[in-house]
2 protein chains.
Amino acid sequence: MNKRATLKDIARETGVHVSTVSRALDPKRDTPLSEDVVVRVRDAAERLGYRPNRIASSLRTRKTMTIGVVIPDITNPIFPPIVRGIESVMEPRGYASIIVNTDSQRGRDKRLIEILLDRGVDGIIHTAVLLEDPTIVKVARSGLPVITLNRKIEGTGIPYLINDEEDGIRKVFSLLYNHGHRRIAHLAGPLELSTGQLRLDAFRKAATDMGLDSGALAIAEAEQFDEQGGREATAKILAQDPHTTAILCANDRLALGAIDHCAAVGLACPDDISVTGFNDMPFLDMIPPRLTTVRIQQFEAGAAAAGLLVKMLSGQGGDVPGETILPVQLMERDSVSAPRADGIRS
Amino acid sequence: MNKRATLKDIARETGVHVSTVSRALDPKRDTPLSEDVVVRVRDAAERLGYRPNRIASSLRTRKTMTIGVVIPDITNPIFPPIVRGIESVMEPRGYASIIVNTDSQRGRDKRLIEILLDRGVDGIIHTAVLLEDPTIVKVARSGLPVITLNRKIEGTGIPYLINDEEDGIRKVFSLLYNHGHRRIAHLAGPLELSTGQLRLDAFRKAATDMGLDSGALAIAEAEQFDEQGGREATAKILAQDPHTTAILCANDRLALGAIDHCAAVGLACPDDISVTGFNDMPFLDMIPPRLTTVRIQQFEAGAAAAGLLVKMLSGQGGDVPGETILPVQLMERDSVSAPRADGIRS
DNA sequence: ATGAAAGCGCTAACAA
DNA sequence: TTGTTAGCGCTTTCAT
């Protein structure tokens, strides 16, 4: 283990002082240096295979060139593209990312944020905030650049980047309506998450806008944004209104669970019941019945959030909008059809 | 941004020297200290909300409590569980992970490894090594703890943890054979990767063991371990031997591509042609025809590799076996059936 | 244009 | 049992 060369080694090699070496190697140096010295230093650095010790540099400058990324669970297929999007902008700028998974466990985020803070991250992209989230709010207040992605915390001044939930829900609601559905249920996500809450609000609004009484529609909240949550909530929906002809789900995995539960009780999708999702997660279009859903930008959202963070990191925080909303796109596939005319289920 | 308290602050507060404070706060301290001081220091630390500055500590101890994880692409569904497995053992021990994606691009790994080294990672888990991989070999030789996962580099002394590729291929080959298949083709992965090479070797061995002439079987190498690679290689296989009745693929995504290409040329799976995969990636069992495949341990493999790394990190490198092979399991689903008896395709 | 010196916050060898 | 001292490798102010 022949240890790495340091500035001191280069100084000895070239006969100049380490501070001069430091200056010569600084890419954006402001101090004037003789061309001769610069060349000799660069040369020696090259020869010795010099790599700056970022730890030492960080201690001095309080910049680690590392950011933290908080996600619920990398195992959820929509997050890998988001992470890649983030890295696609951070890495070329010299930033590395430390990713932590909260598993949507309240309280766990506290410990994870500490892990990030302890390592001196320069900023945080948080995709797992709760509607109430004192931990990250405190961090942001302390002056660390923070962006929330996919979800938001209102009234804190933390810039957020989300998808156009309202438009997405409206599009899918309209599609169901136009197919003739009137008894449209909503399988909501956990309401402590802004996605769950926002999509429920959007559902009610869409129903009202279409002239339906949103109070009369079946609504069930899933405990988790996953298949099991979808199954359980679907059972509640069918109990609330056995005549439901369509279930608008707050995300794809809930929809997959809904379809599964429906099949288990003898309801085929889309023949007996229509189901829609949200997100358009990877591989979804290979799973039958190919789910009609709302595509959110994943890679792009990550990249955009990272772009905002970079601005904050470079002191141009003033240029960062408090709210960024990314457009969504309706993906019509096979899980929606007209309600059965024969009233077989009534 | 009221800055974090330092040892110095606690020292001032308690009237003892900073080195004493440092000792009092060291969880595994060996030096004897008076109970009184310890209590006062702990107390003050608590009161001031002291959190150790890991950067400073790292500079001194040359330990960052951070490891690097190199993967091909987090977007490939088998990696998220592996990453979670790694974290399940590293995080409780105080380690954070920096994950980098090589995108299987030769050369890119060099830059990524440098990113990790620059940040002073204490060790590396590498899941994307090539059969020839001078970069990581050099790093390991320099003394940094390195483990390779899923793939191996022979003859370098770098401990590796892989799946029982040979057993997996043999199981799936036997299954096809027992269903009556004799014209079994192999859709190989890129041969510069040990998984690609190992599975090809295992395929030939299995064929020979079953009494088939492995030289007579169609074999095509995919350029990438993905659907597109699978489609292209399948075209080659069908050109090599139009009478192929089964394609044993080196992984699931190649198999998905194979099925897709077969469908495009009018061959239904499994009725006209049987196809098998490898890995049993997440969500695979929801995609029709449900693929018969070999399940590798994903989360567990990550956890096991991390366990080995932890040993190396704590100086018990001697206890780490050079080779660890995890058992695999045959998952029989719907993509294999007997070859058509009516010879419709011959 | 370059050198000297201080110091980021911590740890560890040595001294008392 | 505790204090002193030095220093990890770098950046940066000040002096020359």
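Quantities reported herein were computed from a predicted structural model and do not represent experimental measurements. Numbers restart at 1 for each chain; the letters A, B, ... are given by sequence-line order, proteins then strands.
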Undergrad: Output one line per pair: protein atom, nucleotide atom from nucleotides 4-6 of chain D, and distance, for all N/O pairs under 3.5 Å.
TA:
{"unit_1": "D/dT4", "atom_1": "O4", "unit_2": "B/Ser19", "atom_2": "OG", "d": "3.2"}

Undergrad: Taking all heavy atoms of B/Asp133 and all of B/Leu130, pick out the closest pair and write down the distance.
TA: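 What the structure gives for the nearest pair is OD2-N, 3.0 Å.
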Undergrad: Please determine whether a side-chain nitrogen of the Lys or Arg among A/Asp9 and A/Arg47 lies less than 4.0 Å from a carboxylate oxygen of the Asp or Glu.
TA: no
Undergrad: How many Å lie between CG on A/Asp9 and P on D/dG9, as a whole number?
TA: 9 Å
Undergrad: A/Arg62 has an atom CZ; how far is it from atom C1' of C/dC10, in whole Å?
TA: 12 Å
Undergrad: Is the phosphate of C/dC8 approached by A/Ser58 (side-chain N or O, under 4.0 Å from OP1 or OP2)?
TA: no
Undergrad: What integer distance in Å separates B/Met65:CE from C/dC10:P?
TA: 16 Å
Undergrad: For C/dT11 and B/Ser22 - does any side-chain N or O of the residue sit under 4.0 Å from the phosphate oxygens OP1/OP2?
TA: yes
Undergrad: Just to confirm, is there a sub-4.0 Å distance from OP1 or OP2 of C/dA12 to any side-chain nitrogen or oxygen of B/Thr61?
TA: no
Undergrad: To the nearest 0.5 angstrom, please state how far the CZ atom of A/Arg40 sits from the CD1 atom of A/Ile10.
TA: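 Answer for the CZ-CD1 pair, A/Arg40 versus A/Ile10, is 12.5 Å.
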Undergrad: Rounded to whole angstroms, how far apart are CG on A/Asp26 and C1' on D/dT13?
TA: 15 Å
Undergrad: In whole Å, what is the span from the CG atom of B/Leu33 to the P atom of D/dG3?
TA: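 In whole Å, D/dG3 P and B/Leu33 CG are 10 Å from each other.
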Undergrad: For A/Glu91, check salt bridge (charged side-chain N to carboxylate O under 4.0 Å, His left out) against everything at least two apart and list the hits.
TA: B/Arg108, B/Arg111
Undergrad: Specify the closest pair of heavy atoms between B/Ala24 and B/Arg42, including all atoms of both residues, with the distance to one decimal.
TA: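 For B/Ala24 and B/Arg42, the tightest heavy-atom pair comes out as O-NH2, 3.1 Å.
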Undergrad: Rounded to the nearest angstrom, tell me the gap between atom CG in A/Leu59 and atom C1' in D/dC8.
TA: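 Nearest whole value for this atom pair: 9 Å.
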Undergrad: Taking atom types as modelled, is there a side-chain donor on A/Thr66 or A/Arg119 under 3.5 Å from an acceptor on the other?
TA: no
Undergrad: What is the separation between atom CG on A/Asp118 and atom C1' on C/dC10, rounded to the nearest whole Å?
TA: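 Rounded to the whole Å, the gap is 14 Å.
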Undergrad: Counting just side-chain N and O atoms, does A/Tyr50 come under 4.0 Å of either OP1 or OP2 of D/dG9?
TA: no
Undergrad: Picking from C/dG3, D/dG9, C/dT11, which would you name as closest to the side chain of B/Ser57?
TA: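 The listed nucleotide nearest to B/Ser57's side chain is C/dT11.
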Undergrad: Rounded to the nearest 0.5 Å, how far apart are CD1 of A/Ile78 and CD1 of A/Ile82?
TA: 4.5 Å
Undergrad: What is the distance from NZ of A/Lys63 to P of D/dG9, rounded to the nearest Å?
TA: 23 Å
